[in-house]
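Heads up, the thing below is written out as structure tokens.
Residue numbering restarts at 1 for every chain, and letters A, B, ... go by the order of the sequence lines.
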Protein chains: 2
Amino acid sequence: MLDHSFHSPLPPTRLTTKQQAVLTQLERLQEAVSAQRLYAELRQHGESLGLATVYRSLDLLKLKGLVQSRTTTDGEALYSPIQQDQHYLTCLQCGSSVPLDFCPLQAMENQLRRSQAFTIYYHTLEFFGVCEPCTHQAQ
Amino acid sequence: MLDHSFHSPLPPTRLTTKQQAVLTQLERLQEAVSAQRLYAELRQHGESLGLATVYRSLDLLKLKGLVQSRTTTDGEALYSPIQQDQHYLTCLQCGSSVPLDFCPLQAMENQLRRSQAFTIYYHTLEFFGVCEPCTHQAQ
DNA sequence: TAAGATAATGATAATCATTCCCATTTTAGC
DNA sequence: GCTAAAATGGGAATGATTATCATTATCTTA
């Protein structure tokens, strides 16, 4: 279970049942998923809620600093609980992304926090190039 | 004028006139722009070409390692010549992005090049949080 | 240089994630 | 319990991007 107690851009008002369900399901899945996928998972688990509510809940959870999102090369947003899968190698040819398992940026982030009039909640780092399989096939 | 001679994922076939126009216009504009915006600019400058061609050209230019793109929080892709505006502070509330003017990642990127079976062409680093103006207004 | 093959282009329709709208339901404060 | 505010559902609207396909330009090679 994650700790949700750190400083966040929105005051810590209580989550509604649906919002909590969205967050819980997102934490169960061990990967970054789209809103549509999350919606399908929730329905499969017997949760009764609409797609619009999933989108609204995810936006709110982002503002509360509990959820982050990144956007794939074909314009789909993928959501995950914060502090997870923030670094990627993304292939320019096939579009696949594999997460990196380390983050060398903490010191830099701390420095930025002090020097800029900007409150940082998370960051993403993405390398774009061509993956091994794609190098073996003519584009 | 930028140097386009470095190693890229596609063989260095010649660009068509339209593709060259897309690239040139992108280099003229001193900021990352959407495909739609670039299309409008090209038409204003008397260039005769279709929107689909702009999208196709941008995809090709990305594969050739001449152009990069990133996606805004509302799902719009912004394009720019490579090596420019790769680092951002992005506000979770208003969605504004301001570029950072430094990149502390070159060493790390070089190390990655050696250790991974992945050819890197460029990277993006984005910090998400709340900007100064947004901190002064209740969400 | 002309014919045929191949790639590029333009216009428009189709796609699809996301947002908007609004009637209904739930929640919070009193 | 009553009233106002917030949340929700479902379906329509939006808008960026992609697909389609007929047409045009380019390249190859004889």
Check your understanding: More 5' along DNA chain C: B:Thr73 or B:Val54, using each one's nearest nucleotide?
Key -> B:Val54
Review point. Below 4.0 angstrom from OP1 or OP2 of D:dT8, is there any side-chain N or O of A:Thr16?
Key: yes
Practice item. Let me know the distance between CG of B:Leu58 and C1' of C:dA8, rounded to the nearest Å. Key: 15 Å
Review point. Going by atom types alone, do A:Tyr55 and A:Gln36 pair a side-chain donor with an acceptor below 3.5 Å?
Key: yes
Practice item. Would you please name every residue forming a salt bridge (Lys or Arg N to Asp or Glu O under 4.0 Å) with B:Arg43, sequence neighbours left out? Key: none
Practice item. Take the protein atom NZ of B:Lys62 and the nucleotide atom C1' of D:dT18, then report the distance between them rounded to whole Å. Key: 14 Å
Check your understanding: With distance as the sole criterion, is a donor-acceptor pair present between the side chains of B:His87 and B:His123 under 3.5 Å?
Key -> yes
**Study point:** Among C:dA8, C:dC21, C:dG10, the one nearest B:Gln19 by side-chain distance
**Key:** C:dA8
Review point. Looking across every strand, which nucleic acid part, if any, lies under 4.0 Å from A:Ser48 by heavy atom: base, sugar-phosphate, or nothing?
Key: sugar-phosphate
Check your understanding: Looking for any heavy atom pair under 4.0 Å, which part of the strands does A:Thr71 touch: base, sugar-phosphate only, or nothing?
Key -> nothing
Could you list all N or O pairs between the protein and nucleotides 11-17 of chain D that sit under 3.5 Å apart?
from, atom 1, to, atom 2, distance (Å)
D:dT17, OP1, B:Ala77, N, 2.9
D:dT17, OP2, B:Tyr55, OH, 2.5
D:dT17, O5', B:Tyr55, OH, 3.4

Review point. Is there a donor in the side chain of A:Tyr79 and an acceptor in the side chain of A:Arg70, or the other way round, less than 3.5 Å apart?
Key: no
**Study point:** A:Thr72 side chain to A:Glu76 backbone, donor-acceptor under 3.5 Å
**Key:** yes
Exercise for review: Nearest whole angstrom, please: distance from the C1' of C:dA8 to the CG of B:Leu60.
Suggested key: 11 Å
Exercise for review: Measure the distance from CZ on B:Arg56 to C1' on C:dT12 and round it to the nearest whole Å.
Suggested key: 12 Å
Exercise for review: Please report, rounded to the nearest Å, how far the P atom of D:dG9 is from the CG atom of A:Leu42.
Suggested key: 11 Å
Check your understanding: In whole Å, what is the span from the CD atom of B:Gln20 to the C1' atom of C:dT9?
Key -> 17 Å
Check your understanding: Do B:Ser57 and B:Lys18 have side-chain atoms, one donor and one acceptor, less than 3.5 Å apart?
Key -> no
Point to revise | A:Asp59 side chain, from C-beta outward: closest of C:dG10, D:dT8, C:dT19 | key: C:dT19
Check your understanding: To the nearest Å, how far apart are A:Leu61 CG and D:dA7 C1'?
Key -> 14 Å
Check your understanding: For B:Leu49 and D:dA25, what is the distance between atoms CG and P respectively, to the nearest whole Å?
Key -> 14 Å
Exercise for review: Please check the phosphate of C:dT26 (OP1 and OP2 only) for any side-chain N or O of A:Lys18 closer than 4.0 Å.
Suggested key: no
**Study point:** Any residue meeting salt bridge (Lys or Arg N to Asp or Glu O under 4.0 Å) with A:Glu47, in chain and number order, not counting sequence neighbours
**Key:** none
